[in-house]
Structures are given as structure tokens and as C-alpha cells.
Amino acid sequence: MRKGVIQNVIWIKLLRGRAIPICAVVVLLYVLVARWLLSQHPDSEAQTRFLLNVGLTLAVILPRIVTLILSTTHLPAEIESRTLYPLLARPVSRNRFLWELWTAMTLAGTVMMLMCSLLALLITPSVQGPDLATLLQHLVLQAAALGTVTAIGMALSLLMPQAMAVSVGLVLTFTGGLIATAWGPTGAWAHILPQVDLCNLATRYTTGMPPMAPLQYGSLWLHCILWSLMSLWICSERFLRRAL
Amino acid sequence: MSPKVIHCIAKGVWLEAIRRKEIYVIVSIGCLMILAFTRIRFFGLDGLSKFHRETALNLMSMCTALTVVILASRQLPLEFTRRTIYPLLARPVPRGGFVLGKWIGVVSAGLFCLLLFLCIYLIACLVLGAPVHLTLLLQHTWLQLCMVMVMTSICFWLSMLCDFDASVTFGILFYFTSTVFSNFLQEVHEASGPVGQTAARLLNIVIPHLSLFNLSPKVVHGDFWPPLEVGVMIQLSLYAFGFALIFLSAAWLQFRRRAL
């Protein structure tokens, strides 16, 4: 299989399926609103920080929803529409196919996230305080979190029906960390949930906090890597055993 | 457009939802989330029963909306990709009847999901000895059904414009940002000049406000809030029917124009 084929498939699907245009409309709406608010109160630093925070949070949420829904629906759709057969009839192993699919979806999500973040940074005037290293940490961690979300979505899509996979994926992606944090030390079991929602350093950046300590940052990375590997392993096991 | 045909198509939606066990699983996930949430002691405080009940009602509404978004978004596109629409439309089934049947099927599935949640809520309230304000609860249920109708129509229309993934993404985004958007329009109206105010008013009319269909704070604080007046309920119902009709008609127009 030629390199980049699956990458192209994912981009075409996102563009033709109008997921990217719809996200673009949402982002455009944010840009218009932000510009209007900034024109009303040009000197308010608090408002600028708030708008930057909203923009960066949007850049976290939108790609996560898109990649999650794409990853939970793509494989079952390929199997159901029988487009997987001509792909796997070529000399390509199922694991390689999964790996390329995961890379393609993660990359698509990362590009979306970077573009949205860049837009949020460009439209808001610079404010004093935010540390560039924190921003860099945030953007790099987002790529890892998107990889985890994609892997979880792919695993769920082979474990349960579509609607369940989307629902469980959304709950795990957006509330895992919240549940674990709110439960506190009494509910140690809650910490086994994926806590991708904690991998969002947008507020840390906009409030001007320093970068995370290497150990703390590393633990978030480790959490993402472990969940990605585990989900990809589950996905691979289910996919290899599946009779096509 | 015979009622028998519409009933048959709606039954098909039901059978598919039951066979895929989606509603039960989403209800189970919702219940697990509510259970997990009630175990949390915020700031170490006890006796947050009202707060927990309000959150439970909001989670129920969220899970119902999620079910409806996913069910509604896949109904029409799936018929095309699976090619099951051809034998159906080869019979004397008008396209309008087909869309209406699907719509009734999804709305009734949403109602079933809502009723399942309400049964669980009522049982929990009775077991825990919490007061139940029945009139407000029934009003809340009716308005949630109105929300289900609007969301179903919007997702039908979206699924005709884009694919399943994009339709679900936008449906979910719309549901979760609807309240924020309503509040934002109010802010814009207060802070802007004549042009901004006109734009805010126009958007206020064009975009459905889902927050109007959520009575959960009133249901929980029923000892202070009287039930809504009949006139208000009728107005809210008409508001929902109007939007449902507009979006469903838009979906039907798109569906009618689509080449098979």
C-alpha cells in the first residue's frame, strides 16, 4: 500500500463529510464574536485573557469531538460498506492498517487543533504574563491527548455498537478526569479512568502560570501513552480476530 | 400518506434501536454517571440532595439528547448507504411519509429513553424520601419531549446536508452550546447599538433556544416555584412544534430533491 493513502482517505472524508467546514463555521463564529467584543472594550486585559482562553479551549474541544466521532465510526463503516476488503486484499497486515489509520486520524486532529489555536492567538492582542513555554507544553500535550482519544474511539468502535461507542467515548473523554478529581482519594478506583480532560493547559497559559514541572508533565504524557497503547492493543486484538 | 405505512417505518426505527441495545446502554451509562456523581462530596459538604437531584435531571436530559442525536443523524444516510431505501420507495410510499415515519420512530425512541430515566428518578426520590412535585415533573417531561422533537428535526436536516460524523458533531455542539449562546445573545443585545441589537433579535428568532425546555431547577425547588401556567406551556409547545416543523420540512425538501 502506498504511503499516505489512508491519510488522504481521512482528509477527503473530513472535507466531503463536511466535518471540517462545520468546525470552520463554529470557529468563524468565535472569531466574529471575539472581534466584536474586543472592539467594544479594547483596553480590557481580563476580557482579552478570557477570549484567548475560550479560543484555546475551543481548539481543544472541537478536534477532540471530530476525531472521537471519526474514530468510532470509521472502522465499522469500512467493514459494513465492504470497502475494507480491497484494502486488505493487498499485501498489508491488519496491524499496519490500524497503525496508519490511527496516525492519520491523530494527525488530522492535530492539524485542526493547531490551526484553531493559531487563529485564537492571532485574533487576540498580546497580554502580559502568559509564558511561551506553557503554550508549547499545551500544544504538544494536545497532540498526545488527541492520539489517546483516537485510540480509545477505535477500540470502542470494535467493542460495541456505534451509538454506544460514541456515548461511552464522549463520557470517557470529557468527564474521566473530572470524576477522578471530584471523587478524591476515597475513590481510588476512579483514577483508572482515562483522564484526557486534564490534559488541557489552556487556562494555565492564559492565567500566566509557569510551565509544568517535568515530572508532572511527564506523568500526563505517560498517562496518554499508556492509554493509547492499551486501547490500540485492544483494537488490534479485536480486529485480528474478526472474520471479514 | 397512510398511517399504517408511517407506523411500519416508525416500528423499523424502534426494532433497530432495540436490536442494537443502544437505548438501554445509554440509560445504564446515564444511571452510572448519576450514581458516581451522587457519591461525590463537594467541598466535604453533606446534604446536597437538591443539587444532586438537579444534576441528575440535567444528566438525564443530556443522555436523552445524545440518544436522539445519534439515532436521528443516522436514519436517512444509512438507508442510502445500505440501499434499503430502494425496495421501500419502490412501494407506494411517498417520501414525505417516509421522513415522517422515521421522525416519529426517533421521537418515540427518545420518549422511551426519557420515561426510563424518569421511572428511575421517581424510584430514587421515593426511596430517599425526597419530595416529588408531580405537576412540575410532568411539565418538565413534556418540555423535554418538545426538545427531543426539535433536536430530531435538526439532526434529520443536518444528516441531509452532511455525513453522519459531521451531523453528530454539529448536533452535539448545538445541544451543549445552546444555553451559552442564548445567554450570549442577551449580552450582545444589552451592550450593542441599533445594528447589533437588530442582529441579536434576528438570531434570537431564528435559532431555537433549548434552555427554554429545561425545568430541572424548578422541579427540584418546587416548594418555591409554582407550576407553569397553561398559557406558557401552550406557547412553549407551539414554539417547539414550529421549529420542529420548519427543520423537518427542510429535511424533507432536501430528501425529495436527492437523486436515488
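Just so you know, these numbers use all the heavy atoms, side chains as well, and skip hydrogens, waters and symmetry mates. Every chain is numbered from 1 and lettered A, B, ... according to where its sequence line falls, protein lines coming before strand lines.
Using a 4.5 Å cut-off between non-hydrogen atoms, no part of residues 53-60 of chain A approaches chain B. Residues from residues 68-78 of chain A that place a non-hydrogen atom less than 4.5 Å from a non-hydrogen atom of chain B comprise A:I69, A:L70, A:T73, given in numerical order.
Neither the backbone nor the side chain of A:V25 comes within contact range of chain B; no heavy atoms are under 4.5 Å apart. Using a 4.5 Å cut-off between heavy atoms, A:I61 makes no contact with chain B at all.
Within 6.0 Å of CH2 on A:W36 lie more than 12 heavy atoms contributed by other residues, nucleotides or ligands. Residue A:M230 qualifies as enclosed at atom CE: its count of foreign heavy atoms under 6.0 Å is above 12.
Considering CZ of B:F176 and CG of A:L170, their distance stands at 7.0 Å, rounded to 0.5 Å. With rounding to the nearest 0.5 angstrom, the CG atom of B:L173 is 4.5 Å from the CD1 atom of A:I65.
Among B:A166, B:A17, B:S167, the residue making the largest number of heavy-atom pairs under 4.5 Å with chain A is B:A166.
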